[in-house]
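Remarks on the structure that follows.
Numbered from 1 within each chain, the chains take letters A, B, ... in sequence-line order. The analysis underlying the following values was restricted to heavy atoms, covering all of them including side chains, and did not include hydrogens, waters or symmetry mates.
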Amino acid sequence: MKQELDKTYNPQENEDLIYQKWEESGFFNPDNLDLPLDAPGYTVVLPPPNITAKLHVGHSAMLAIEDLMVRFHRLMGYRTLWLPGTDHAAIATQSIVEKKIFKETGKTRHDLGKEAFLQEVWKFVNETQATILHQTKKMGSSLDWSRLAFTLDESRKKAVTRMFVDMYNEGIIYRGERIVNWCPSCHSTLSDDEVEHKEQTAKLYTFKYSADFPIAISTTRPETKLGDTAVAVNAKDKRYAEYIGQEYKVNFCGQELNIKIIADYNVDSSFGTGALGVTPAHSMVDWQMAQSNNLPIIKVINEDGLIRPGFGAYSGLKTGEARELIVARLKEQGLMEKEEDIINNLSVCYRCDSAIEPLPSKQWFIGVDKKLERLGGKSLKEKALEATAQRDITFIPERFNKSFSDWMNNLHDWCISRQIWFGHALPVWYRGEETHVGFEAPSGDGWQPDEDTLDTWFSSGMWTFSTLGWPDNFKDGVKSGDLARFHPTQVLETGYEILTLWVSRMIMMSFFALGEIPFKDVYLHGIILDKNGKKMSKSKGNGVDPLAIIPVYGADAVRLSLLMGSTPGNDSRYSDEKIESKRNFINKLWNISRFILSGTPEELFTAPTDKAPVPKTLADKWIIDNLQSCASAVTSHLKNYNFSLAAEELNDFTWNKLADWYLEIAKAEKDKEEILIYVLKNILVLWHPFIPFVTEKIWSSFNNDLLMVAKWPTSTSVDTKTDSDKINNDFRIIQDLITAIRNARSENKVEPALKLEAIIYGHNQVELLESQRDMITSLKTGLKSLTISTDGAKIADAITIVSGGIEVYLLGGVDKTKEKERMQKEELNLVKLIGLQEAKLNNTEFVGRAPVNIVAAEKDKLAAYQAELSKIKKIMENL
RNA sequence: GGGCGCAUAGCUCAGCUGGUUAGAGCACUUCGUUUACACCGAAGGGGUCCAGGGUUCGAAUCCUUGUGCGCCCACCA
């Protein structure tokens, strides 16, 4: 059974084999876990990565965190499901493929036609998806591949269609007009992130519509004023207060306009004249003002960027030409008050660089404010806000509650239709003025399907339940199958940058479809920046491919470096050095294991991990006690999402306690095997969620069953805190002695351990102090051996050999700290702080550096110390 | 313009609800090591916790103001 381990751990040789073993075991699938029927569930859906590109280390961090949570819960005996998938990322994917084709062939998607273009997209999707899945496995992700989903596969199509139809029937999905970013040159709408802003100088004109209109307005686009239906001023602006609510008929350069004066807080009274001409059809903000003030909408500009018919001489002109004409007219009439140069931002198309024309167009929306009977008369927005406000859903870190509710409160109806080809089709058909929404095309001739596709967030918003068999698993308000077993999920782990885009949608969609939250906790991770603190991006070429570093350091090292030293919601920096240091740690763990296993008889391998062997010495007690407190600290850190702290705790135990101290002692003392293997097995389990590969590999060298389904150490420690403190304090004597002897040897100041006889003694503290000082003096002047004899009861001390000789530190009874005096005056506070101050109050005079804080009162304890000391001496002899 | 975050050792960062002498990794200095590990060990140096003010017995931690970075949203007629 026992296998020899190599001198250095080689991740590359082992990782793929181990992953294969995990997959073959079937334990990634919760259905195969050997659990009691009432085992609690733990479900996490993987935020499906966009199939626009291969993964980068940011994704690796996400996978590391989620796999950590998932493996931790699997080890704790939860029915654990981590559900994989990818996202079709409609707009992003389409534009990437478009660019790619254009670069390779010079053709646009229009040249290819819809069908041929989509074929290209699918080719691309399949390639990238394969890469992504491969990368995901390389990280060691324990995802249930049997449930793999894609936001644009058949099951999801079914769910999306059903959702749309349901929402439409409920009256929450409706068709209406909205301003979109229109590129007159590409003849297409652009999403907000496809719009770029360019700084430019523009002319700001200040004028009145007509001589009989009381207020002058300022604009850089006089031609759009042909469609003005209001003038907005700030409600607090005293200059215009008297006009608010009035309506005027004006003749603006030959066009009749009806202008209402409205108040709106969006208006900046210090800009221009403080009055804004409202053009609802050609400006986003104006559109919103028109909505809230019920203003009529007049379209001035058409899809070609020309003035529409019905505007007299202006009709058919380009916007620029119309502008010149109007400016000339205004000047003629003496209405122009001012012309000035200002710097503003022009919105331009990211592709062709031409100016964006905001235009109203027919779109589909989800009404987030519509009250729904199925939600107890509340709207989706209200339900989402309620769920987070009363902490049915909690954010980690908590501060994102505010971002979320701020954003949610300002949410307008969600536009879900997109004028692109790649995506979910809308289940909508038109025939003249008729509209049909349903699962299939209506019978009868002449029906045309809607050509738009759905916003990608519509399908990913359904991710927690569309992946669990909704709608088939949901009949008459009752969940069945996977949906019943795994929904709501426990945690959504994702990047804070999509808190609003995605998380909010998921919450609303889940409330609509199931009437319940999609997840309990939302853990938000930060961004992995490059080593210079810059965001990784394709254009900058500073992204790091996990496949480039995993072969060098191993997936475990990559994972650990991403998990340690980073905190939720905060960005962190990528660094090779950090990965290297984690690689070194992993090798350390490897060698610790190698050492322990080499000395362990095989019959001990099967010993239980949940029952500690009986400790025989102080050192035994110390290591077991520390293991227990480490395990319980790790457990609670992991439960509280303090992943970095959990790893630090483990790191400290493994390296600084186990390797540096206990292993050294074990080299000299016999009968440590049982404890060593016990400790090793436990830390392998504890480490497993962080570094699954190496721990599984070590485990497999002496175990037949898989570590990934082993039992997490429970904190059954009955030791009280005081006992722990005592054991730790006592053990520090040993540590100090060993240190002292080591130092003495290396500095050749004192003959080795044999000559050091430290025996505890004393009764009169004052005397003690004096005699102690004498001793120190003499030691410093060259005494090479030390004998302190004792005749009695109480003392505590520590002996350290420093460069000048040996210093003996005493704990006497001289109370003198300022803190104590102050404490005595403040009795109340003293009571409050007693636990913390006890040590301080007992603090005593000491010589030299800080004393080791031991109070040994009883004789049998003294004897125990002496026994320990002589053991240590033996140990040192053997070193 | 609105919102959020960050500022702690030379560098990258931890430090939870305020509490012994502020920590880690890397880097640095000195010493050591053929037998678990040089992907190593021991010892050590290095910090006015951005600045001012406040609350408190006590502040890196809470409040306030300021400074310097970074991000998100709205992009302005």
Side-chain angles (χ1 to χ4, degrees), chain A residues 5 7-9 192 195 197 202 204-205 217-221 224 232 266-268 271-273 275-279 283-286 342 344-347 397 399-400 402-403 406-407 410 496-497 499-500 526-527 529 531 533-535 553 557 561 564-567 569-578 580-599 636-637 640-642 644-645 647-648 651-652 656 659-660 663-664 667 739 742-743 745-747 802-803 817-819 822-823 825-826 828-830 832-833 835-840 843 849-850 853:
Chain A
L5 298 176
K7 194 169 175 184
T8 307
Y9 173 60
D192 290 342
V195 175
H197 300 283
L204 182 70
Y205 304 96
I217 56 160
S218 302
T219 181
T220 53
R221 302 197 59 190
T224 64
N266 280 314
V267 179
D268 175 4
F271 188 90
T273 60
L276 159 72
V278 181
T279 319
S283 151
M284 298 275 184
V285 267
D286 294 12
I342 58 157
N344 72 355
N345 276 320
L346 179 69
S347 300
R399 71 180 130 91
F400 285 104
K402 189 171 156 52
S403 322
D406 283 356
W407 187 84
N410 290 322
Y496 63 76
E497 75 276 12
L499 171 66
T500 50
I527 297 165
L529 307 167
K531 65 181 75 161
K534 296 273 178 269
K535 217 168 158 172
Y553 304 104
S561 79
M564 288 185 81
S566 74
T567 43
N570 287 340
D571 299 344
S572 57
R573 236 177 253 219
Y574 173 86
S575 110
D576 286 318
E577 292 77 22
K578 193 168 170 187
E580 204 174 313
S581 76
K582 301 311 163 201
R583 191 267 322 262
N584 294 352
F585 167 75
I586 285 160
N587 193 55
K588 184 78 183 180
L589 178 65
W590 177 262
N591 274 293
I592 289 169
S593 311
R594 203 156 72 90
F595 174 70
I596 293 176
L597 292 173
S598 69
S636 81
H637 282 321
N640 295 320
Y641 300 99
N642 290 322
S644 186
L645 289 178
E648 274 172 41
N651 185 74
D652 179 59
N656 303 333
D660 289 350
L663 247 44
E664 294 304 324
K667 281 176 183 171
T739 306
R742 270 186 199 148
N743 289 345
R745 278 183 164 184
S746 74
E747 291 173 22
V802 294
S803 54
T817 55
K818 281 180 190 165
E819 285 87 347
R822 201 185 286 154
M823 283 303 137
K825 281 186 211 150
E826 301 284 337
L828 245 177
N829 287 316
L830 183 65
K832 196 171 76 187
L833 300 166
L836 294 159
Q837 290 299 335
E838 220 160 17
K840 226 175 202 177
N843 213 353
R849 286 177 289 176
N853 196 4

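Taking atom CZ of A:Phe400 as the reference point, atom C1' of B:rC72 lies 10 Å away to the nearest angstrom. Summarising the geometry, the separation between CH2 on A:Trp407 and P on B:rC73 is reported as 11 Å, rounded to the nearest angstrom. Counting to the nearest Å, the C1' atom of B:rC40 and the CZ atom of A:Arg583 are 13 Å from each other.
Side-chain N/O atoms of A:Arg399 and base N/O atoms of B:rC4 include no donor-acceptor pair closer than 3.5 Å.
Not one N or O on the side chain of A:Asn642 forms a donor-acceptor pair closer than 3.5 Å with the backbone of A:His637. Of the possible donor and acceptor atoms, none in the side chain of A:Asn651 sits under 3.5 Å from a partner among the backbone N and O of A:Ala647.
Among the atoms of the strands shown, only primed sugar atoms or phosphate atoms (P, OP1, OP2) are found under 4.0 Å from some heavy atom of A:Lys7. Among the heavy atoms of the strands, none lies under 4.0 Å from A:Ser403.
To the nearest whole angstrom, the two C1' atoms, one in B:rG41 and one in B:rU34, are 15 Å apart.
Both key distances under 3.5 Å define a Watson-Crick or G-U pair, and stretches of 3 or more such consecutive pairs in RNA chain B run B:1-7 with B:67-73, B:10-13 with B:23-26, B:28-32 with B:40-44, B:50-54 with B:62-66.
Legend: residues meeting side-chain contact (heavy atoms from CB on, under 4.5 Å) with A:Asn584, ordered by chain and number and at least two apart, are absent.
Of the candidate nucleotides B:rG3, B:rA36, B:rA14, B:rA14 has the atom nearest to the side chain of A:Thr567.
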